[in-house]
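Below, all heavy atoms of this structure are taken into account, side chains as well, without hydrogens, waters or symmetry copies. All values reported here derive from a predicted model rather than from experimental measurement.
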Amino acid sequence: MKAVCIHEHGGPEVLRLEEVAPPAAGPHEALVRVRAVALNHIDIWVRRGLPNLRVRFPHILGADIAGQIAALGSAVTGWEVGEAVMLHPGVSCGHCAACTAGQDNLCRTYTILGEHVPGGYAEYVTVPQENLLRKPPHLSFEEAASLPLVFLTAWNMLVTNARLRFGEDVLIWGAGSGVGSAAIQIARLFEARVLTTASAGWKLERARELGADLGINYREQDVLEEVRRATGRRG
């Protein structure tokens, strides 16, 4: 199969389109034909190299993936070849205390597709069956591929760590980022009043389209004062 590989860390020039052996699905895995893969910032970080990151070269990047199931392992149930899927980017052991408690991101073996394990810059990728998510039919493969990692990050920040409750006021810094745009939509799911910041008016307008109630241009306005004013000085 064709894949974009790196054999060393560096700039875009280290990306190479190559022929590599296609992966095979294990008993509890699925082989997915990649139809779309997003460029997440983690792909750039891994390509450039990170402290304490050990990558086995050649390495295939790509954390955010959407495609169709091409083959299923012998122990996989509940899925059919040909189904359209998007992939949960976090890979964990599936059986430790953290995983069984639904906190797989705390698993000691937790990693992300394209970081320590091969990702989606290829025609095919294998993932554990737990990483399969059915693609909503109203989303294109490209749209579906843009969602997984930013929504995983934003959900963990807002719901798990910040413990967002229904109807609260929420300040989301950086409406123009992937995580920021995901956070706006998650906050609206909780019927929160969303205050957000950005560096340009067009970004704030897009944030309002996603559900933000108030946009603050941090290059032109005092964010602290605007938030205090909007919240009756509660912050």
Side-chain angles (χ1 to χ4, degrees), residues 11-12 15 36-51 53 61-66 86-90 105 112-115 119-121 133 135-136 138-235:
L15 298 168
V37 58
L39 175 62
N40 191 288
H41 211 97
I42 194 172
D43 302 320
I44 299 174
W45 288 331
V46 174
R47 189 200 71 216
R48 291 174 175 169
L50 291 168
L53 176 66
L61 301 166
D64 284 321
I65 305 162
M86 47 199 288
L87 302 186
H88 187 299
N105 60 306
I112 294 172
L113 294 172
E115 184 179 17
Y121 286 15
L133 304 168
K135 182 182 78 66
H138 66 281
L139 295 180
S140 68
F141 285 105
E142 292 80 5
E143 290 168 333
S146 74
L147 300 178
L149 193 51
V150 291
F151 272 86
L152 173 65
T153 303
W155 184 278
N156 194 50
M157 294 167 71
L158 271 179
V159 182
T160 306
N161 293 337
R163 299 181 181 180
L164 175 63
R165 297 293 181 264
F166 277 84
E168 288 186 319
D169 290 337
V170 177
L171 173 64
I172 297 170
W173 193 283
S177 70
V179 171
S181 59
I184 291 170
Q185 295 172 77
I186 291 170
R188 291 303 299 168
L189 183 66
F190 281 75
E191 299 180 4
R193 187 167 68 125
V194 179
L195 291 63
T196 191
T197 72
S199 61
W202 69 268
K203 294 181 181 180
L204 295 174
E205 181 58 35
R206 178 58 177 152
R208 293 187 185 94
E209 293 173 3
L210 292 174
D213 297 286
L214 175 66
I216 304 168
N217 187 322
Y218 61 74
R219 294 189 185 277
E220 301 174 356
Q221 299 170 277
D222 186 317
V223 176
L224 176 59
E225 284 305 311
E226 293 298 326
V227 171
R228 286 168 65 84
R229 183 181 298 113
T231 59
R233 307 195 73 77
R234 293 190 310 276

Value for CD (E225) from CZ (R233), rounded to nearest 0.5 Å, stands at 5.5 Å

Those residues at least two apart in sequence (or on a different chain) that pass side-chain contact (heavy atoms from CB on, under 4.5 Å) with A198 are A175, K203, L204

inquiry  = Has R228 got a side-chain atom pairing as donor or acceptor with G232's backbone, closer than 3.5 angstrom?
reply    = no

Do E226 and L195 come close enough that some side-chain heavy atom pair is under 4.5 Å? no

key: Main-chain N/O of N40 paired to D43 side chain as donor or acceptor, under 3.5 Å   = yes

Heavy-atom nearest pair, L210 first then I184, reads O-CG2, 3.8 Å

Whether the side chain of T160 engages the backbone of M157 through a donor-acceptor N/O pair (distance < 3.5 Å, no angle test) should be reported.
no

Taken to the nearest 0.5 Å, the spacing of L113 CG from L149 CG works out to 9.5 Å

Check: G174 main-chain N/O paired with T197 side-chain donor or acceptor under 3.5 Å = yes

Interatomic distance, CG@L61 vs CZ@R47, rounded to 0.5 Å, equals 8.0 Å

Is the side chain of D64 donor-acceptor paired with the backbone N or O of S146 at a distance under 3.5 Å, no angle test?
no

Could you tell me whether R234 atom CZ has more than 12 heavy atoms of other residues or ligands within 6.0 Å of it?
-> yes

Q.
Apply side-chain contact (heavy atoms from CB on, under 4.5 Å) to residues T231 and L171 and explain how you reach the verdict.
A. CA-CA 11 Å; T231 59; L171 173 64; over 6 Å; no

Between the CG atom in L152 and the CG atom in N105, the distance rounded to the nearest 0.5 Å is 7.0 Å

Rounded to the nearest 0.5 angstrom, the CG-CZ distance for L214 and R208 is 7.5 Å

Worksheet item: Are side-chain heavy atoms of L53 and R48 found at a separation under 4.5 Å?
Response: no

Ring pair (Phe, Tyr, Trp, His ring centres under 6.0 Å) pairs touching residues 181-235, sequence neighbours excluded, are W155-F190, F166-F190, W173-Y218

